[in-house]
J.: 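A single structure is presented below for examination.
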Amino acid sequence: MLKGLITLIAVGMSVYHLTIAFIGAPQALFFRTTHLLFALTLVFLMFPIFRKKDASGIRDDAGGTIGGSTAARAGWPEWLLIAASVFTIAYVWINHDYLLERFVFVDDPTRFELVLGTIFTLIVLEATRRVIGWALPITALIFLLYGIFIAKSRPEQIVEIMYLTTEGIFGPTLGVSAAYVIMFVLFGAFMERTGIGQLFMDFALSLTGHTAGGPGKVAVVSSSLFGTVSGSAVANVLVDGPITIPLMKRTGFRPPFAAAVESVASTGGQIMPPIMGAAAFVMAEFLAVSYLQVTMWAAIPAFLYYLAVFFAVHFEAKRVGLHGLPRSEIPRFMDVMRVRGHMFTPVLVVLFGLILGFSAPLCALAGTLSCVPVALMRKSTRKDINWRTIWGALEDGAKNSVAVALACACAGIVIGVITLTGAAINFTSVVLSLSKDLLPLALILTMLAGIVLGMGMPTTPAYIVMVALLVPAIIKLGAIPPAAHMFAFYFAILSAITPPVALAVYAAAGLAKAPLWESGWAAVRVGAAGFIVPFMFIFEPSLLMIGEWQTILLSVTTASIGVISLAGGLHGYFWRTAHMWERICLVAAAIMLIKPGFVTDFIGLGLLGLVLLNQIVIHPAKAATAPPAG
C-alpha cells in the first residue's frame, strides 16, 4: 500500500509539472511551495527514519542511494512530518496575497508565523539530511548560527526571510528546481524508459569499438551521451559502467584504469551540452541569461574535456599494445542508425527548440512528449512500449528530482542568511586578503573550496555556496562573470573524481573490483584537463565563445593540441612510447598551448615539435610494451 501511495504521489508530481510547463507557471511563491510539498512528502515516505539498507548501496552525488535495496516503512514520525509540511505550506497558500503585499522587516510577523517558520525550517533541514546526508544541513546550521551569534541578526528576522519571503527557502534556487530541473529529469526518465540509452551504447560501439582501446573510447562517447539522460555522475557510472568496464578489462586495461575512464567520462556528463547538470540552470538564473547561452559557454570546455579523456585512453592503449573488440562483436554503424537512429529525435527537438528561442521548460516538455511517439514509429523500438512505460517514467522522474529540490531548498537557507547579513561582502574581503589581491591565488582558493564542498554535498548546492561566497572575489579581481561562474561550476563537479572522497570513482571501482586510491589517482590523471581548462578560460574568455570568431578558432585549435599533448605526457605515449624528458616537454607544451597567447603558443608548439622530431625522425623505434597505468 505504501509503495502504491508513493507511486501515485510521484506520478501526480510529474503530471503537475508537465501541465505547468504547458499552460504556464502560477505566481512564484505558490508554484515553489507546491513543488517543495510534493518533494517533502516523497522524501518522508521514501526515506523513513527507521530503515535498513544493504551494503551494496552507493551514495549518489545527486543525493540518495543507488544500487542498494531498502526495507522501508513509514511510521508515526513520517506522518507527523508530512502533516506539519502540509499545514505550514497551506498557511502560505491561504495567506498568499497578504504575504505578497506585506513589507519585509517593516510588518512584524506574528508569533504564530514565527512558530510555523521555525518548524518549517527544521522540516527542510531534516528532509535534506535524509535524502542527501549531513553535509548540507550542517552547512545551513552553521550559517544560521553565524547570522544569530556573529552577525547579530534577530532570530525573528531570520525566520521571516526563510518562511515569509522568496529570498530564503522559497528563493530563486528552489524556483530553478521547480521550473527547470524536474522537467529535464523527466525528459531523462522518458529517454531511459523508451530505450534511447541502448541507442547511445550501440552508437558509441559502432564508432570506436574496433579501434585501439575501443571499449575505453566507447565509455567516453557513450557517457557523454548519457549525460543527456542523467545529470548525476554516479548514476551515469551505474548505467554505463556494467557494460564498458568489463569490456575494458577483457581487452587488457587494468581494473583501476578502467574505473578511472568510466568515472571521468561519466562525470563530464554534467558539463556536456545540450543538457547539462542541474547547477547549469541555477547559473542561468543567477546570471539572468538563457539556458542556451550557458550551453554555448560550456561547449568548448566540454569538448576539450572529452578530447583529453579520449586521447588518454588512446595513448594508454597504444603504449601497452591493446587492440579493440572483434568486428563480429560490434554493431555496424549503418545498422544502428537504420534500426534505432530515429531515437535521436527527442534530443534534437530539445536542441532546436533552445536554438529557436523557446523556453527551456517548454523544450523539455516537447522532448518528453516526443519520446513515446518516436519509439512507436518503428517495429524495432516499439515492442516494449506500453502504458507501463509512461507510468514508470512519470514515477522515476519525480523520484529522481526530490534530491535536487531539497538541496535547492536547503541552499536557500544559506542564501537567505547571506542576503540578510551581508556575509558575502565580508567573505569576499577575506578571500581578497588571503590571496593578496592576486587572481591566481584567489582561483586556487576557489578550486580547493569547490572540491571540498563537492565532497560532502551535491553539485548544485556546492556551486550555490561558491557563488555566494567566493565568486564575487574573483570577479572583483578581474574575471568576467560567465567565466567566474563556470569556474565554480567545474570544480563543484570535479570533486566526484578527486580523492579522498570521489563518489563517481567509488561507484566505478566497485564495478571494476579495483583499489579505491589507485583508481582515484588514475582518474585525476585521465581527467587532468578538467583541472586546467577552467584556469585558462578565466584568463582567455574566447574558450567560452566570448569574443571575435578568429580568436575563438585559434584558441580552440591550440587548446585542443594542448590537451592532447597533456594526455600524451601524463600517459607516456605520443607517436611512440615517451621517455621521461619527452613526457616533461609534452606536459609543458600542453600548459603553454592551453593558455591562449601568441608567445605561449609559439613555445608550446616548439616543445611539441621537438618531441615529434625525436620520435619520428631521430629515434623512430617502436614502442616497448609496458604494464598499463593505474
Side-chain angles (χ1 to χ4, degrees), residues 61 204 208 216-228 230-233 236-237 240 260-277 279-280 283 294-316 447 450-451 454 459 463 482-483 485-498 502 504-505 508 522-538 540 542-545 552 555-571 587 590-591 593-596:
D61 54 326
T208 62
K217 295 172 182 175
V218 169
V220 175
V221 176
S222 61
S223 293
S224 67
L225 295 173
F226 271 113
T228 64
S230 170
S232 161
N236 286 356
V237 168
D240 205 31
V261 170
E262 181 55 51
S263 59
V264 173
S266 293
T267 298
Q270 294 188 70
I271 61 173
M272 184 68 179
I275 303 169
M276 301 161 64
M283 186 190 305
V294 174
T295 63
M296 291 178 63
W297 291 333
I300 294 174
F303 167 75
L304 295 175
Y305 179 92
Y306 276 107
L307 183 68
V309 178
F310 187 91
F311 274 93
V313 173
H314 177 75
F315 289 143
E316 179 65 14
M447 175 191 73
I451 291 173
T459 298
Y463 164 74
H485 280 255
M486 194 65 71
F487 185 92
F489 179 55
Y490 256 71
F491 283 109
I493 290 171
L494 289 175
S495 61
I497 59 169
T498 309
V505 175
V524 171
R525 286 170 50 214
V526 172
F531 294 90
I532 296 176
V533 170
F535 286 88
M536 298 304 102
F537 59 60
I538 287 286
E540 182 45 77
S542 60
L543 290 177
L544 299 179
M545 284 202 280
I552 295 171
S555 297
V556 173
T557 302
T558 56
S560 299
I561 299 172
V563 297
I564 295 172
S565 301
L566 181 65
L570 292 176
H571 291 87
V587 173
I591 295 172
L593 286 165
I594 294 174
K595 181 184 184 306

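Positions are given from 1 along the sequence.
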J.: Can you list the steps and then say if Phe491 with Phe531 is a side-chain contact (heavy atoms from CB on, under 4.5 Å)?
T.: CA-CA 8 Å; Phe491 283 109; Phe531 294 90; 3.8 Å; yes

J.: Without placing hydrogens or testing angles, list every side-chain donor-acceptor pair under 3.5 Å for residues 295-315, not counting sequence neighbours.
T.:
from, atom 1, to, atom 2, distance (Å)
Thr295, OG1, Leu292, O, 2.6
Tyr305, OH, Val264, O, 2.7
Tyr306, OH, Ala265, O, 2.6
Tyr306, OH, Gly269, N, 3.1
His314, ND1, Lys217, NZ, 3.0

J.: Report yes if some heavy atom in the side chain of Tyr490 is under 4.5 Å from a heavy atom in the side chain of Met447; otherwise report no.
T.: no

J.: Taking all non-hydrogen atoms of both residues, which atom of Gln270 and which atom of Phe489 are closest, and how far apart?
T.: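 Scanning both residues, the minimum pair turns out to be O-CZ, 3.4 Å.
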
J.: Donor-acceptor pairs are to be reported for all side-chain atoms of residues 560-568 against protein atoms at under 3.5 Å, with residues two or more places apart or in another chain.
T.:
from, atom 1, to, atom 2, distance (Å)
Ser560, OG, Val556, O, 2.7
Ser565, OG, Ile561, O, 2.9

J.: Which atom pair, heavy atoms only, marks the closest approach of Phe537 to Ala483?
T.: CE1-O, 3.5 Å

J.: To the nearest 0.5 Å, tell me how far Glu540 CD sits from Thr558 OG1.
T.: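 One finds 9.0 Å between CD of Glu540 and OG1 of Thr558.
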
J.: To the nearest 0.5 Å, tell me how far Ile538 CD1 sits from Leu543 CG.
T.: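 Ile538 atom CD1 to Leu543 atom CG measures 11.0 Å (nearest 0.5 Å).
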
J.: Hey, are the side chains of His571 and Val526 touching, using non-hydrogen atoms and a 4.5 Å cut-off?
T.: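 In short, these two side chains touch, coming nearer than 4.5 Å.
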
J.: For residues Ile497 and Ala504, report the shortest heavy-atom separation together with the two atoms involved.
T.: CG2-CB, 4.5 Å

